[in-house]
Amino acid sequence: MENGIFGTGILIAVFAVALFVALRTTIKRFGLKRKCCGGKKPEKREEKALDFEPIFEIIVRIDGLCCEDCAIRVENAFNRMAEVSAKACHHEKRAVLLLGKEPDETKIRTVVSDCGFAVTEIQTKRL
């Protein structure tokens with residue numbers, strides 16, 4: 001009878017170790033610690049010099065900005081556009097754009113949507 005209990009104890013210990021290793025590997029592989037970004041690799045902020053004369057200031061309210069990585073992703077997407085300089089803030093759930101050309105709300109909504117978020121409001125101010 002002692003052999004049966006001893007063998008069962010070994011099986012339980014092996015199973016527990018295997019379960020621990022499997023869970024740890026899954027968390028590392030799928031980035032489950034980063035809930036809001038879906039495990040995507042964090043981006044570096046791409047600084048953009050203001051090499052144009054701003055004509056418009058656009059405030060874009062964005063639903064779903066929940067961490068700095070989310071804000072950086074949106075900011076970088078806007079900063080890759082010509083005559084656009086952006087700063088995004090996840091605390092305020094918005095991005096502020098300076099434009100050197102006429103604003104295109106459809107393009108703004110598309111950029112935010114392509115980043116995985118939704119625009120809730122766009123405010124335009126001529127400078």
Side-chain angles (χ1 to χ4, degrees):
M1 185 143 177
E2 287 181 25
N3 287 342
I5 294 173
F6 183 70
T8 304
I10 290 175
L11 284 174
I12 290 173
V14 169
F15 179 74
V17 169
L19 182 63
F20 173 76
V21 170
L23 284 173
R24 196 176 85 192
T25 303
T26 301
I27 289 170
K28 282 184 179 179
R29 178 163 173 92
F30 295 109
L32 297 179
K33 291 181 182 177
R34 299 172 42 121
K35 296 176 186 173
C36 62
C37 298
K40 294 181 181 177
K41 186 177 179 181
E43 291 189 41
K44 290 186 176 182
R45 179 170 270 119
E46 298 172 8
E47 296 296 331
K48 182 174 183 178
L50 196 60
D51 57 353
F52 59 90
E53 184 67 33
I55 301 171
F56 291 95
E57 179 184 73
I58 312 292
I59 297 175
V60 184
R61 302 275 176 197
I62 303 171
D63 186 37
L65 287 183
C66 52
C67 75
E68 186 66 19
D69 288 336
C70 295
I72 290 171
R73 188 175 323 123
V74 170
E75 187 176 307
N76 287 346
F78 280 121
N79 282 335
R80 290 181 192 118
M81 298 171 60
E83 293 192 51
V84 177
S85 178
K87 291 289 181 194
C89 177
H90 70 284
H91 295 296
E92 297 177 6
K93 302 208 180 303
R94 72 177 190 167
V96 178
L97 314 177
L98 295 176
L99 279 74
K101 58 184 177 185
E102 288 289 322
D104 180 357
E105 284 195 20
T106 304
K107 181 65 177 170
I108 291 171
R109 289 180 187 278
T110 301
V111 168
V112 172
S113 175
D114 288 349
C115 290
F117 306 104
V119 172
T120 57
E121 181 184 6
I122 296 177
Q123 298 172 345
T124 304
K125 177 180 161 186
R126 189 172 188 93
L127 300 177

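- Summarising the geometry, atom NZ belonging to K125 is positioned 15.0 Å from atom CD1 belonging to I55; distances are rounded to the nearest 0.5 Å.
- Taken to the nearest 0.5 Å, the CD atom of E75 stands 5.5 Å off from the CG atom of N79.
- A distance of 6.0 Å separates CD in E102 from CZ in R126, rounded to the nearest 0.5 Å.
- Other residues, nucleotides and ligands contribute over 12 non-hydrogen atoms within 6.0 Å of the NZ atom of K101.
- Both M81 and I122 belong to a common hydrophobic cluster when Ile, Leu, Val, Met, Phe, Trp and Tyr are linked at side-chain heavy-atom distances under 4.5 angstrom.
- Of the inter-residue distances, the one linking E83 atom CD with D51 atom CG reads 8.0 Å to the nearest 0.5 angstrom.
- Nearest heavy-atom pair across F78 and V112 is CZ-CG2, 3.7 Å.
- A pairwise comparison of heavy atoms in A71 and H90 identifies CB-N, 3.9 Å as the closest pair.
- Screening K93, R61, R94 for a side chain to side chain contact (heavy atoms under 4.5 Å, CB included) involving T120 leaves a single residue, R61.
- Hydrophobic clustering of Ile, Leu, Val, Met, Phe, Trp and Tyr side chains at less than 4.5 Å, counting indirect connections, unites V119 with I58.
- One distance of note links CG of L50 with CG of L98; it measures 6.0 Å at 0.5 Å rounding.
- When every heavy atom of F117 is checked against every heavy atom of C70, the shortest pair comes out as CZ-CB, 3.6 Å.
- One finds the CZ atom of R45 at 9.5 Å from the CG atom of D69 (value rounded to the nearest 0.5 Å).
- In this structure, V84 is a member of the same hydrophobic cluster as F56, with clusters built from ILVMFWY side-chain heavy atoms closer than 4.5 Å.
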